[in-house]
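The next block holds one structure in the form of structure tokens; read it before the comments.
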Amino acid sequence: MSNSTIIGGVSFLCVGGHPLTDEPRALFYMFYISLLSDPQSRAIYDIYGKRGLEVEGWEVVERKRTPAEIREEYERLQREREERRLQQRTNPKGTISVGIDATDLFDRYEEDYEEISGGGSGGLPHIEINRMHISQSIEAPLTTSDTVILSGSLSTHNGNGGGNINLALRRVTSAKGWGEVEFGKFRLIIVPLFFFTTAHCGMQFSSRGIRPGLTTMLARHLDKNTMGYLQWRWGTQSSMNTSIVRDTKSSHLTFAVQLGIPHTFIMMSYQYKFQDDDQTKIKGSVKSGFFGTVVEYGAETKISRHSVLGATVSVGVPQGVSLKIKLNRASQTYFFPIHLTDQLLPSAVFYATVGPLVFYLAIQRLVIRPYLHAQQEQELEKQRESSASDIAKKKQEAEAAVLLMQESVRRIIEAEESRMGLIILNAWYGKFVTDNSRKHERARVIDVTVPLQCLVKDSKLVLTEASKAGLPGFYDPCVGEEKSLKVLYQFRGVMHQVLCGDTEALRIPKQSHRIDNDS
């Protein structure tokens, strides 16, 4: 039991009849009292107590849910929380790379096919997998600052293979740095205030003796969106590299120059992120050096909640033409480099560009969209079944509210008619089916003419940016689906009509809503 006591103009919160003069405690109890005044928060507290209110994710849960729905949502949030916790503790990462040699598609030698096919000029092209690489790593936290990293890899190329297993220990020394020790390697990361440096020392043991190596990097913020990097590598492949990286909401630009033995090059890459669709990016790069010149271009898009698909075309001299397909699924990466030709053939560039695009559009239309649509329909059907009783209850409440509004609406209509004001002729709220391809779907709408007319004041109707299902006399006839409000009204003897989304603001009358009689 709590109440508030005012002494000398100062308000003290009382719990159990005892005033809380301690300000933090008073604020704490005031917070919980205001929080539990919300029906949903109170239901959560009644079921799970204080622990339930601390679960992340309730802010995105639709309000006005039943205790059973709140319990189901709580269990789902708990499962997601446990999955995230396990993911953060182990941090598994994996890569599978499969190299494909498809040069026989474009660099075909007729004499070879004549020998294989017994003098014939035809034959299927020979496509083979010439290399594979698999790597996996997991982390095991020992303490808050120490972590053990176990990683391994297997690779094969043209029949020859190998593998290794690595064990490393990482220690966070402070908020500004960490160090890592691996068998035969040592790495130190230091992060000062205005720039940070990294140092990587390695010792390679072979039959020719010990080969030491050292890599250091200095990085600094040049401005809010730009970073500068300077890297020096000493050892088997010595080099000096400098690069500038600019990253904004819509683009990512990288410019790099490297002087080294044997690789010396200059490189520039650009990536554009679509603002209206943050799931799609296009990119391109140019790299030129002593080894030749390579031009790459491609795109990537998000095909599901945890999956990103990308394709890149690489055209270079003397490398030829290659197509690289990459699929990122959560923390796993699947990479498929396909070598098409050793020469610069326009046909290879054309098929490498158009082929993946046509294949993706076909899969998107024939497989992905139908699958996602069926999944969405199943979820909606499940939601309809679970909320059927709640919808019936809300419908009864709305009908009772409409009955109580009848007398007020009659007076409002008489006043509006006397001044040629705003008269709501018809109003519907719910799901409208306007697409011809979805005629089989049944429109689910309710008549809200009376509730809307009751909200008219001084020949004006103003609705804010919020779901209209919470208005007096309204209820949600199709939970979880897109809804709209369609209004046919008369103002100054002229017919008007408007259609707006569920959460869109609405203000009538407006000249733009006027219905042209000539049409």
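Numbers for residues simply follow the sequence, beginning at 1. Any value given below was found using the heavy atoms of this structure, including those in side chains, with hydrogens, waters and symmetry copies removed.
Annotation for Gln375: atom CD counts as buried by contact number, over 12 foreign heavy atoms lying within 6.0 Å. Applying the 6.0 Å contact sphere to OH of Tyr351 captures no more than 12 heavy atoms from other residues, nucleotides or ligands. Within 6.0 Å of the CD1 atom in Ile261, the count of heavy atoms belonging to other residues, nucleotides or ligands does not exceed 12. Met267 CE: more than 12 foreign heavy atoms inside a 6.0 Å radius.
With rounding to the nearest 0.5 Å, the separation of OG1 in Thr254 from OH in Tyr270 is 11.5 Å. Atoms CG and CG, on Leu485 and Leu499 in that order, are 8.0 Å from each other to the nearest 0.5 Å. Here CD of Gln497 is found 4.5 Å from NZ of Lys486. Values are rounded to the nearest 0.5 Å. Tyr429 OH to Ser467 OG: the interatomic distance, rounded to the nearest 0.5 Å, is 4.0 Å. Between Ile446 atom CD1 and Phe474 atom CZ the span is 7.0 Å, to the nearest 0.5 Å. For the atom pair CG of Asn328 and OG1 of Thr333, the computed distance is 4.0 Å after rounding to the nearest 0.5 Å.
Applying side-chain hydrogen bond (donor to acceptor under 3.5 Å, both in side chains) to Lys273 and the options Asp247, Thr280, Thr248 leaves one that passes, Asp247.
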Inset, instruction - Decide side chain to side chain donor-acceptor pair (under 3.5 Å) for Ser269 and Ser285; before the verdict, give the C-alpha distance in whole Å, the side-chain angles of both, and the deciding distance to 0.1 Å. - result: CA-CA 4 Å; Ser269 66; Ser285 67; 6.0 Å; no
Inset, instruction - Let me see the working for Ser314 and Lys324 under side chain to side chain contact (heavy atoms under 4.5 Å, CB included), right down to the final yes or no. - result: CA-CA 8 Å; Ser314 176; Lys324 302 172 184 178; 4.2 Å; yes
Inset, instruction - May I have the step-by-step check of side chain to side chain contact (heavy atoms under 4.5 Å, CB included) for Arg246 and His252, ending in yes or no? - result: CA-CA 6 Å; Arg246 180 171 179 80; His252 182 89; over 6 Å; no
Inset, instruction - Determine, step by step, whether Ile127 and Ile338 satisfy the side chain to side chain contact (heavy atoms under 4.5 Å, CB included) criterion, reporting the C-alpha distance in whole Å, the side-chain angles of both residues, the deciding distance to 0.1 Å, and the verdict. - result: CA-CA 10 Å; Ile127 299 175; Ile338 306 173; over 6 Å; no
Inset, instruction - Take Val448 and Ile424 through the side chain to side chain contact (heavy atoms under 4.5 Å, CB included) test and state the conclusion after the steps. - result: CA-CA 10 Å; Val448 291; Ile424 306 296; over 6 Å; no
Inset, instruction - Report the C-alpha distance between Tyr334 and Phe336 in whole Å, list the side-chain angles of each, state the deciding distance to 0.1 Å, and finish with yes or no for ring-ring contact (aromatic ring centres under 6.0 Å, His included). - result: CA-CA 7 Å; Tyr334 305 91; Phe336 302 92; 7.3 Å; no
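Side chain of Ser331 to backbone of Pro92: a donor-acceptor contact under 3.5 angstrom is found. Listed for the Glu139 side chain is no donor-acceptor partner under 3.5 Å among the backbone atoms of Thr147. The closest donor-acceptor contact from the side chain of Lys468 to the backbone of Asp502 lies under 3.5 Å. Lys93 places no side-chain N or O within 3.5 Å of a backbone atom of Asn91 that could act as its donor or acceptor partner. Checked by atom type and distance alone, the side chain of Asn426 never pairs as donor or acceptor with a backbone atom of Thr449 at under 3.5 Å. Distance alone, capped at 3.5 Å, places no donor-acceptor pair between the His339 side chain and the Pro337 backbone.
With contacts defined as side-chain heavy-atom distances shorter than 4.5 Å, the pair Leu105/Thr341 does not qualify. Counting only heavy atoms from C-beta outward, the side chains of Thr312 and Lys283 approach each other to under 4.5 Å. Here the side chains of Leu230 and Met240 are in contact, with some heavy-atom distance below 4.5 Å. Residues Leu345 and Leu340 fail the side-chain proximity criterion, which asks for heavy atoms closer than 4.5 Å. In this structure, the side chains of Arg329 and His306 come closer than 4.5 Å at one or more pairs of heavy atoms. Annotation: side chain of Ile508 is not in contact with side chain of Phe491 (no heavy-atom distance under 4.5 Å). Looking only at side-chain heavy atoms (C-beta outward), Val98 and Met132 come within less than 4.5 Å of each other. Inter-residue side-chain proximity for Gln376 and Glu481 is flagged as unmet; no heavy-atom pair is nearer than 4.5 Å.
Looking at every heavy atom in both residues, Leu344 comes nearest to Gly316 through CD2-O, 3.5 Å. Nearest heavy-atom pair, Ala427 versus Leu452, reported as atom, atom and distance to 0.1 Å: CB-CD1, 3.6 Å. The minimum heavy-atom distance between Tyr229 and Met217, with the atom names listed, is CD2-SD, 3.9 Å. The minimum heavy-atom distance linking Phe106 with Ser347 is given by the pair CD2-OG, 3.8 Å. Ala352 approaches Val313 most closely through the heavy-atom pair O-CG2, 3.5 Å. The heavy-atom pair separating Thr264 from Gly260 by the smallest distance is OG1-O, 2.9 Å.
The residues Lys394 and Asp476 are annotated as not salt-bridged, no charged nitrogen and carboxylate oxygen being separated by less than 4.0 angstrom. No salt bridge links Arg131 with Asp101; every basic N to acidic carboxylate O contact stays at or beyond 4.0 Å.
Relative to the six-membered ring of Phe265, Lys287 meets both conditions, a distance below 6.0 Å and an angle of at most 45° to the axis.
No side-chain N or O of Asn241 forms a donor-acceptor pair with one of Gln231 less than 3.5 Å apart. No hydrogens or angles considered: nothing links the side chains of Ser135 and Ser153 as a donor-acceptor pair under 3.5 Å.
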